[in-house]
Amino acid sequence: MAEYLAKALARERGWDIKVRSAGTHAVYGEPASRQAIAVLEEWGIDARDHRSQPVDWDLLDWADIVLTMEEWHKCYLLARAPELDGKVFVLTEFVGETGEVPDPYGETHFAYQEVRNQLFQLVEKALVKLVQGGD
């Protein structure tokens, strides 16, 4: 959901920001969950073509910054590639907040809406920070 929210915000505001998502334990080629597609569609965002991909070295090299949803994702990446320190942040950490973004997989529609709303606020702050050149 974060990828699609970020792309929609960037498009809406005319920002030239490239966004790609990947999972630390994702299976390649899986569609977004039915609930994720539904809550994004409520906001006019079409994620039906989304396909999952596992994080890999090419993607990590491509990215200027890597934002994770949970602390363990950050720790997982840094344990395998300590040279990424300073490039990998928990999304909340990057925008100066605390906490994490929970994975709503298998939860209710309302839980997906809550995560979508949380992600929107955090992603908006992150993009503004990136556009303004803040660290």
Side-chain angles (χ1 to χ4, degrees):
M1 287 192 291
E3 174 187 356
Y4 283 81
L5 290 166
K7 286 178 177 179
L9 273 167
R11 192 171 37 255
E12 176 186 300
R13 302 200 182 162
W15 295 334
D16 183 23
I17 295 176
K18 308 278 187 277
V19 181
R20 294 170 64 192
S21 64
T24 54
H25 292 82
V27 175
Y28 187 80
E30 291 294 314
S33 73
R34 180 178 47 81
Q35 296 92 332
I37 291 169
V39 299
L40 289 171
E41 281 181 349
E42 291 172 2
W43 286 8
I45 300 169
D46 183 0
R48 289 176 294 174
D49 291 336
H50 176 77
R51 295 296 176 262
S52 63
Q53 66 177 337
V55 67
D56 62 24
W57 295 114
D58 289 338
L59 186 57
L60 292 170
D61 286 341
W62 171 84
D64 292 327
I65 189 163
V66 176
L67 300 173
T68 69
M69 299 297 111
E70 298 179 46
E71 181 70 30
W72 79 265
H73 298 136
K74 176 183 172 181
C75 293
Y76 176 87
L77 293 172
L78 292 177
R80 281 149 187 75
E83 66 272 18
L84 295 175
D85 190 37
K87 182 176 180 173
V88 178
F89 302 89
V90 179
L91 177 57
T92 51
E93 167 192 26
F94 185 73
V95 300
E97 295 186 15
T98 59
E100 300 176 317
V101 179
D103 185 349
Y105 187 77
E107 297 292 330
T108 66
H109 185 81
F110 179 75
Y112 274 83
Q113 288 174 319
E114 292 275 302
V115 171
R116 177 205 56 205
N117 297 347
Q118 179 187 19
L119 278 171
F120 178 81
Q121 291 178 9
L122 294 168
V123 165
E124 182 178 37
K125 289 178 182 179
L127 293 181
V128 167
K129 182 175 179 177
L130 291 168
V131 167
Q132 293 176 349
D135 289 329

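Heads up: numbering here begins at 1 and tracks the sequence.
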Beyond-backbone contact of [X] with [Y], side-chain heavy atoms, under 4.5 angstrom:
| X | Y | answer |
| --- | --- | --- |
| E114 | E107 | no |
| V95 | F89 | no |
| V27 | P54 | no |
| I17 | V19 | yes |
| L77 | W72 | no |
| E93 | K74 | yes |
| M69 | L91 | yes |
| Y28 | S52 | no |

List the atom of L78, the atom of L84, and the distance in Å for their closest heavy-atom pair.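 Closest approach of L78 to L84: CD2-C, 3.6 Å.
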What's in the same ILVMFWY side-chain cluster as I37, cut-off under 4.5 Å, chained through other members?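 Members besides I37: none; it forms no cluster.
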Other than F110, what residues sit in its cluster of Ile, Leu, Val, Met, Phe, Trp and Tyr side chains whose heavy atoms are under 4.5 Å apart, directly or through others?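 Besides F110, the cluster holds no residue at all.
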If we ignore hydrogens and angles and just use 3.5 Å, is the side chain of [X] paired with the main-chain N or O of [Y] as donor and acceptor?
| X | Y | result |
| --- | --- | --- |
| T68 | H73 | no |
| Q118 | E100 | yes |
| H50 | A47 | no |
| K129 | F94 | yes |

Side-chain heavy atoms nearer than 4.5 Å, only ILVMFWY residues, links allowed to pass through others: does that put [X] and [Y] together?
| X | Y | value |
| --- | --- | --- |
| L122 | Y4 | yes |
| I65 | L5 | yes |
| L59 | L67 | no |
| W43 | L127 | yes |
| L60 | L130 | no |

Out of the candidates V90, D103, T92, only one should pair with E70 under the side chain to side chain contact (heavy atoms under 4.5 Å, CB included) rule; please name it.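 Checked V90, D103, T92 against E70; only one passes side chain to side chain contact (heavy atoms under 4.5 Å, CB included): D103.
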How would you list all residue pairs meeting side-chain hydrogen bond (donor to acceptor under 3.5 Å, both in side chains) that involve residues 57-66, not counting sequence neighbours?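 Qualifying pairs: none.
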Partners meeting salt bridge (charged side-chain N to carboxylate O under 4.0 Å, His left out) with E30 (sequence neighbours left out):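 Not a single residue meets the salt bridge (charged side-chain N to carboxylate O under 4.0 Å, His left out) criterion with E30.
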Only counting residues at least two apart or in another chain, list the ones meeting side-chain hydrogen bond (donor to acceptor under 3.5 Å, both in side chains) with Y112.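 Residues passing side-chain hydrogen bond (donor to acceptor under 3.5 Å, both in side chains) with Y112: S33.
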What residue pairs, at least two apart or across chains, pass salt bridge (charged side-chain N to carboxylate O under 4.0 Å, His left out) with a residue in residues 116-126?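 For residues 116-126: R13-E124, E42-R116, E97-K125.
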According to the interplanar angle, ranging from 0 to 90°, do the rings of Y76 and H25 count as parallel (below 30°), tilted (30 to 60°) or perpendicular (above 60°)?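 Rings of Y76 and H25: tilted, 30 to 60°.
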